[in-house]
Amino acid sequence: MSSIDVINGGILTTIQDSGRYGYQELGIPTSGVMDDYNYRLANILVGNNLDEAVLEMTYFGPTFKFNEELTIAITGSDMNPKINGEVAPMFETIKVKSGDTLQFGKVNEGVRGYISFGGSIDVPVVNGSKSTHIKTKMGGMSGRALKSKDEINIKKSKDKTMRKIPDMYLPKFSHCNILRVVLGPQDDYFTEKGIHDLFRSGGYQVTKDFDRMGIRLKGSAIEHKETADIISDGTNFGSIQVPANGQPIILVADRQTTGGYTKIGNVITADLYKLAQMSFLDKVLFEEVSIEEAQRLVVDYKNKFEKMKKESII
């Protein structure tokens with residue numbers, strides 16, 4: 001077992017994995033990482049199972065002191081990582097020594113960054129996941145963000161392989177993102193003009209109201225035939241809710257389990273990670289795809305990580 005002292009927890013640093021699925025019917029949100037792509041890259045770099053828990057940082061990162069030699073990796077948004085005051089590399093395996101300090105600053109671009117450890121973070125598994133959900137105080141480090149004087153324990157793995165993500169797979173951050181969408185399940189509640197405006201009105205802008213629950217957008221109002229209200233039903237990561245004002249809301253990792261607003265469509269799995277790095281005034285353009293195309297794209301998305309596992313070994 002290896003321990004890490006938390007000197008500063010950053011603005012919002014939480015333990016997250018691939019999510020807590022199978023409990024929405026009981027009112028328990030899925031949680032999990034916001035950026036699945038960078039999450040999986042981080043675990044590839046340290047030789048972990050792709051669903052192993054990591055630390056998710058938001059806007060301003062934490063400061064740690066390592067009490068034992070350990071393998072780590074840093075992915076996602078660049079928060080100016082430094083080890084003992086020297087610039088630390090991203091998207092490649094790093095070996096830290098006992099006494100080393102890892103410090104992060106303010107994000108340069110995007111919103112969220114990730115830290116993986118060679119091994120597993122030693123916290124309880126709650127309903128099949130280590131993910132933190134702060135509102136219910138569930139999972140992670142006592143259901144909360146990291147804070148100073150915390151101690152993180154890592155069950156170290158024996159993998160010593162050094163890896164680096166090839167340039168062709170490095171994520172690109174943009175202030176204008178195309179999000180592919182499958183219509184439904186309540187697309188029949190909208191007029192032809194409403195559906196046209198979703199895809200052809202020039203896009204939508206991210207408002208100041210965005211967090212791990214949802215992202216409110218502003219743009220051309222999406223027209224309903226009659227009402228925006230439905231009998232509450234289940235929500236997905238990427239569900240696009242449209243309330244009575246016609247302004248879409250994209251639901252994300254910590255979304256409520258059910259919702260009573262019409263959902264015009266859902267962002268496809270292969271594009272969900274883009275939502276994690278969008279910030280105030282960023283622009284979104286929606287593009288319609290069929291279910292069949294979305295299925296093909298998710299297979300391609302998952303296969304990409306298998307290729308990266310092989311091609312990242314130095």
For a side-chain contact (heavy atoms from CB on, under 4.5 Å) check, start with the C-alpha distance between Gln295 and Val299, then their side-chain angles and the critical distance, and finish with the verdict.
CA-CA 6 Å; Gln295 290 170 337; Val299 170; 5.8 Å; no
Would you mind checking if [Y] and [X] are paired as a salt bridge, meaning a charged N to carboxylate O distance below 4.0 Å?
{"X": "Lys304", "Y": "Asp300", "result": "no"}
{"X": "Lys147", "Y": "Asp150", "result": "no"}
{"X": "Glu293", "Y": "Arg180", "result": "no"}
{"X": "Lys156", "Y": "Glu68", "result": "yes"}
{"X": "Lys65", "Y": "Asp5", "result": "no"}
{"X": "Arg200", "Y": "Glu287", "result": "no"}

Nearest atoms (heavy-atom pairs only) where [X] meets [Y]:
{"X": "Glu52", "Y": "Gly119", "result": "CG-O, 3.6 Å"}
{"X": "Gly32", "Y": "Gln16", "result": "N-OE1, 3.2 Å"}
{"X": "Tyr273", "Y": "Asp36", "result": "CB-N, 3.9 Å"}
{"X": "Phe210", "Y": "Met278", "result": "CE1-O, 3.7 Å"}
{"X": "Leu285", "Y": "Cys176", "result": "CD1-SG, 4.0 Å"}
{"X": "Met90", "Y": "Pro81", "result": "CG-CG, 4.0 Å"}

Is a side-chain donor-acceptor pair under 3.5 Å present for [Y] with [X]?
{"X": "Asn266", "Y": "Ser239", "value": "yes"}
{"X": "Gln247", "Y": "Tyr204", "value": "no"}
{"X": "Ser31", "Y": "Asp254", "value": "yes"}
{"X": "His224", "Y": "Thr191", "value": "no"}
{"X": "Glu69", "Y": "Ser98", "value": "no"}
{"X": "Gln277", "Y": "Asp35", "value": "yes"}

ILVMFWY cluster, [X] and [Y] together (side-chain gap under 4.5 Å):
{"X": "Tyr59", "Y": "Met213", "value": "no"}
{"X": "Met138", "Y": "Tyr23", "value": "yes"}
{"X": "Ile313", "Y": "Val46", "value": "no"}
{"X": "Leu179", "Y": "Phe173", "value": "no"}
{"X": "Met308", "Y": "Met162", "value": "no"}

After noting the C-alpha distance and the side-chain angles of Thr262 and Phe190, does the key distance pass the side-chain contact (heavy atoms from CB on, under 4.5 Å) rule?
CA-CA 9 Å; Thr262 45; Phe190 297 88; 3.3 Å; yes
[X] side chain near [Y] side chain, heavy-atom distance below 4.5 Å:
{"X": "Leu170", "Y": "Ile165", "result": "yes"}
{"X": "Thr71", "Y": "Leu45", "result": "no"}
{"X": "Gln24", "Y": "Thr30", "result": "yes"}
{"X": "Ile264", "Y": "Ile222", "result": "yes"}
{"X": "Ile215", "Y": "Val206", "result": "yes"}
{"X": "Leu41", "Y": "Pro171", "result": "yes"}
{"X": "Thr14", "Y": "Met57", "result": "no"}
{"X": "Leu102", "Y": "Thr63", "result": "no"}

Going by ring pair (Phe, Tyr, Trp, His ring centres under 6.0 Å), name the residues that satisfy it together with Tyr189, two or more places apart in sequence or in a different chain.
none
Apply side-chain contact (heavy atoms from CB on, under 4.5 Å) to the pair Val6 and Ile152, showing each step before the final yes or no.
CA-CA 7 Å; Val6 179; Ile152 305 169; 3.9 Å; yes
Between [atom1] on residue [X] and [atom2] on residue [Y], distance to nearest 0.5 Å:
{"X": "Ile250", "Y": "Phe286", "atom1": "CD1", "atom2": "CZ", "result": "4.0 Å"}
{"X": "Phe104", "Y": "Ile74", "atom1": "CZ", "atom2": "CD1", "result": "4.0 Å"}
{"X": "Asp122", "Y": "Ile15", "atom1": "CG", "atom2": "CD1", "result": "9.5 Å"}
{"X": "Gln186", "Y": "Leu183", "atom1": "CD", "atom2": "CG", "result": "11.5 Å"}
{"X": "Lys309", "Y": "Arg40", "atom1": "NZ", "atom2": "CZ", "result": "9.0 Å"}
{"X": "Ile230", "Y": "Lys263", "atom1": "CD1", "atom2": "NZ", "result": "4.0 Å"}

Would you find a donor on one side and an acceptor on the other, under 3.5 Å apart, between the side chain of [X] and the backbone of [Y]?
{"X": "Thr58", "Y": "Leu12", "result": "yes"}
{"X": "Thr235", "Y": "Gln256", "result": "yes"}
{"X": "Asp211", "Y": "Gly214", "result": "yes"}
{"X": "Arg112", "Y": "Ser77", "result": "no"}
{"X": "Glu56", "Y": "Met34", "result": "yes"}
{"X": "Ser142", "Y": "Arg144", "result": "no"}
{"X": "Ser116", "Y": "Ile72", "result": "no"}
{"X": "Thr269", "Y": "Val298", "result": "no"}

Atom [atom1] of residue position [X] - does it have more than 12 heavy atoms of other residues, nucleotides or ligands inside 6.0 Å?
{"X": "Arg216", "atom1": "CZ", "value": "no"}
{"X": "Ile178", "atom1": "CD1", "value": "no"}
{"X": "Asn108", "atom1": "CG", "value": "yes"}

Could you go step by step and tell me if Glu151 and Asn67 meet the side chain to side chain donor-acceptor pair (under 3.5 Å) rule?
CA-CA 10 Å; Glu151 182 179 83; Asn67 297 317; 4.7 Å; no
Using the side chain to side chain contact (heavy atoms under 4.5 Å, CB included) definition, which of the options Val181, Val182, Ile291 pairs with Ile268?
Val182
Return the orientation label for the Phe117 and Phe64 ring planes: parallel under 30°, perpendicular over 60°, tilted otherwise.
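It falls in the perpendicular class, over 60°.
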Please step through salt bridge (Lys or Arg N to Asp or Glu O under 4.0 Å) for the pair Lys130 and Asp17, ending with a clear verdict.
CA-CA 6 Å; Lys130 297 178 182 179; Asp17 57 22; over 6 Å; no
Criterion side-chain contact (heavy atoms from CB on, under 4.5 Å) on Tyr39 and Ser18, from CA distance to verdict:
CA-CA 9 Å; Tyr39 163 58; Ser18 54; 4.0 Å; yes
